[in-house]
Every structure is written in C-alpha cells, then in structure tokens.
Amino acid sequence: MAELRALVAVKRVIDFAVKIRVKPDKSGVVTDGVKHSMNPFCEIAVEEAVRLKEKKLVKEVIAVSCGPSQCQETIRTALAMGADRGIHVEVSESLGPLQVARVLAKLAEKEKVDLLFLGKQAIDDDCNQTGQMTAGLLDWPQGTFASQVTLEGDKVKVEREIDGGLETLRLKLPAVVTADLRLNEPRYATLPNIMKAKKKKIEVMKAGDLGVDLTSKVSVISVEEPPQRSAGVKVETTEDLVAKLKEVGRI
Ligand code: AMP
C-alpha cells in the first residue's frame, strides 16, 4: 500500500479566454466581475497527482491555494478532480512567487509530503519561479517542465522538455515537480464528483499561522497594455512592396 503524500499548488487566475483589461491608473489589471479559473498548468499538476493516487502509488493528494476567499472555488475544482482535501491560505494582498514559495515550503514540511506538484507557470504573471524557489527553500531536488513522471521506489523519474529535446532526471524524494503542457490531459470534473467534492474538507489558515513572513521586496510600478499595432497596407505588385519597404527603411 502506497504511503506517499502529494501536495498540489493550485492558483486562481483570470480565465484564459478573458480579454485582459488594464486599470486606468496602471496599478494592475481589472479583476472585478471577471471570470476566474484554475491556472491551466495547475490542472495538469492536479491530474498527475490524482493519476498516481489512482495507480495506488500515492496515498493522499492535498490541494493548496493562497489568496482571497474565492480561492476555495479553485480548491473545490481540484477536489472534484480527485484531490482528497484542501488547504486555503487566506491572504488579501496579491502575492509574488517568493511569498507563495515560503508558504508552500512550510506546508510541505508540516504535511510531511513526499511530492510537491506545481504548474510550470501561472498564466497571469508568467513568473515561472514558484516551483524553483520552493525547491530552493526546502533544499529538495526539482524536476521542472515535466512531460513525464514515473515513481520508482523512493525516487521519481522526470522527463523534462528542454530546448531541442528531452532531459531525464531521477530525483530522490521528497521532490518538487512542475507540470508542463504535455504531461497529461486533465479530466473534466463530473457532476457526481463535483457533488462529492462539496463534502471534502478545506482547512482555512492564515500565513501567520504558519509563521510565514509575506513582506515583499518587489513592488509593481506600472502595468501597461502592449502598444497597438498600426494597420497594414495592401500592395498590388512586388515592385510596390519593395518600394514600400524602402520607404519605411526596412531594406
Ligand atoms: P508562477 O511562478 O507564478 O508562474 O507560478 C507557478 C506555479 O506556482 C503555479 O502553477 C502554481 O502551481 C503555484 N502558485 C503560484 N501562485 C500560487 C498561489 N497563489 N496559490 C497556489 N499556488 C500558486
């Protein structure tokens, strides 16, 4: 019988299909009244942990999210996908990767987990830092951008996507794994499982309960939309194209 425990970090982000709008004061993006969902790479991380549980290689899957109260919806989604219980670390301020990493590292130790799964990056800030920082704080080995995960006794084999090929690592547990797009195709939560998830437990705590300091050394100065592209022109002939390119100094 498997004794391994997995913690999966799930972030609540603006849904990938929403057109992002910047606040007029450039302090951030508009989030009020905007559809949010679980970060797609976190869905892949949950799926992987749940599959290991279904193969009886992992005993328990715990989903954790840090952020406002609505993060509990994100945790419920993970529970409906098959996670066993949830932890909501309630914080009102928006957190950077290092603050989240501090929370995750504390929880990983507290819950005595063997595997910590994260998404390779969050689609809102595109930081791609939290997994690496958490592994650093814990001094655990890390397999980032995982496209295949295989448990081998007290080790985990991680195939990872690197420029121009694949790299295979063998990590001694406990370890941090971050999920890339091709790791799996996450399941949709079925209605019966959504109903069942309502009965699963979500523990709510504050960062202070874990003794974690959330002060950040980074402040956002300005958030701006990318510059608008000016309209193109149609040319009739190759000669016209060459003339136009010369005119705008491209050739
Ligand atoms: P990032 O480093 O911001 O690109 O995020 C990478 C991964 O870290 C995400 O896919 C999540 O697994 C995890 N993560 C980041 N922020 C949070 C958060 N507020 N709550 C839970 N997990 C998070």
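Every number for a ligand or one of its atoms is a count from 1 in the order of the listing.
Regarding atom 17 (C) of ligand 1, its nearest protein heavy-atom neighbour is Val100 CG1, 3.5 Å. In this structure, atom 16 (N) of ligand 1 lies nearest to the protein heavy atom Lys11 CD, 3.3 Å. Protein heavy atom nearest atom 9 (C) of ligand 1, with residue, atom name and distance: Cys42 SG, 3.7 Å. What sits closest to atom 13 (C) of ligand 1 on the protein, heavy atoms only, is Leu118 CD2, 3.8 Å. Counting only heavy atoms of the protein, atom 21 (C) of ligand 1 lies nearest to Val10 O, 3.2 Å. Cys66 N, 3.0 Å is the protein heavy atom nearest to atom 20 (N) of ligand 1. Protein heavy atom at the shortest distance from atom 22 (N) of ligand 1 is Ala9 CB, 3.5 Å.
Counting the atoms of ligand 1 from 1 in the order shown, those under 4.0 Å from a heavy atom of Asn128 are 1 (P), 2 (O), 4 (O). Interface of Cys127 with ligand 1, defined as ligand atoms under 4.0 Å from a residue heavy atom, comprises 1 (P), 2 (O), 3 (O), 4 (O). Taking every non-hydrogen atom of Gln129 and a distance limit under 4.0 Å, the qualifying atoms of ligand 1 come out as 2 (O). Close approach of ligand 1 to Asp125 is summarised as follows: ligand atoms under 4.0 Å from at least one heavy atom of the residue are 1 (P), 3 (O), 4 (O).
Although no hydrogens or angles enter the test, the distance criterion places no donor-acceptor pair under 3.5 Å between the side chain of Asp84 and the main chain of Ile62. The closest donor-acceptor contact from the side chain of Glu109 to the backbone of Lys106 lies at 3.5 Å or more, if one exists at all. In this structure a side-chain-to-backbone donor-acceptor pair under 3.5 Å is missing from Lys157 to Glu152. Between the side chain of Asn39 and the backbone N or O of Ile123, at least one donor-acceptor pair lies under 3.5 Å.
When each of Leu57, Leu7, Leu52 is tested with Leu115 by the rule side chain to side chain contact (heavy atoms under 4.5 Å, CB included), just one qualifies, namely Leu52.
Under 4.0 Å from ligand 1, not a single heavy atom of Leu95 appears. Only the side chain of Asn39 comes within contact range of ligand 1, with a heavy atom under 4.0 Å; no backbone atom does.
The pair Arg85-Glu111 counts as a salt bridge, with a side-chain nitrogen and a carboxylate oxygen less than 4.0 angstrom apart. One finds no salt bridge joining Lys110 and Asp209 here, because no Lys/Arg side-chain nitrogen approaches an Asp/Glu carboxylate oxygen to under 4.0 Å. With salt bridges taken as basic N to acidic carboxylate O contacts below 4.0 Å, one links Lys244 and Glu247.
Side chain to side chain, Gln142 and Thr144 fail the donor-acceptor criterion of an N or O pair below 3.5 Å.
Polar contact check, Gly119 against ligand 1: a nitrogen or oxygen pair lies under 3.5 Å apart. On a distance-only criterion, Gly67 and ligand 1 share no N/O pair closer than 3.5 Å. Between Lys120 and ligand 1, no pair of N/O atoms sits closer than 3.5 Å.
Environment of CG in Asp139: sparse, with no more than 12 heavy atoms of neighbouring residues, nucleotides or ligands closer than 6.0 Å. More than 12 heavy atoms of other residues, nucleotides or ligands shown are found within 6.0 angstrom of NZ on Lys23.
Proximity annotation for atom 1 (P) of ligand 1: of Val64, Asp124, Thr130, Thr134, Thr130 comes nearest, heavy atoms only.
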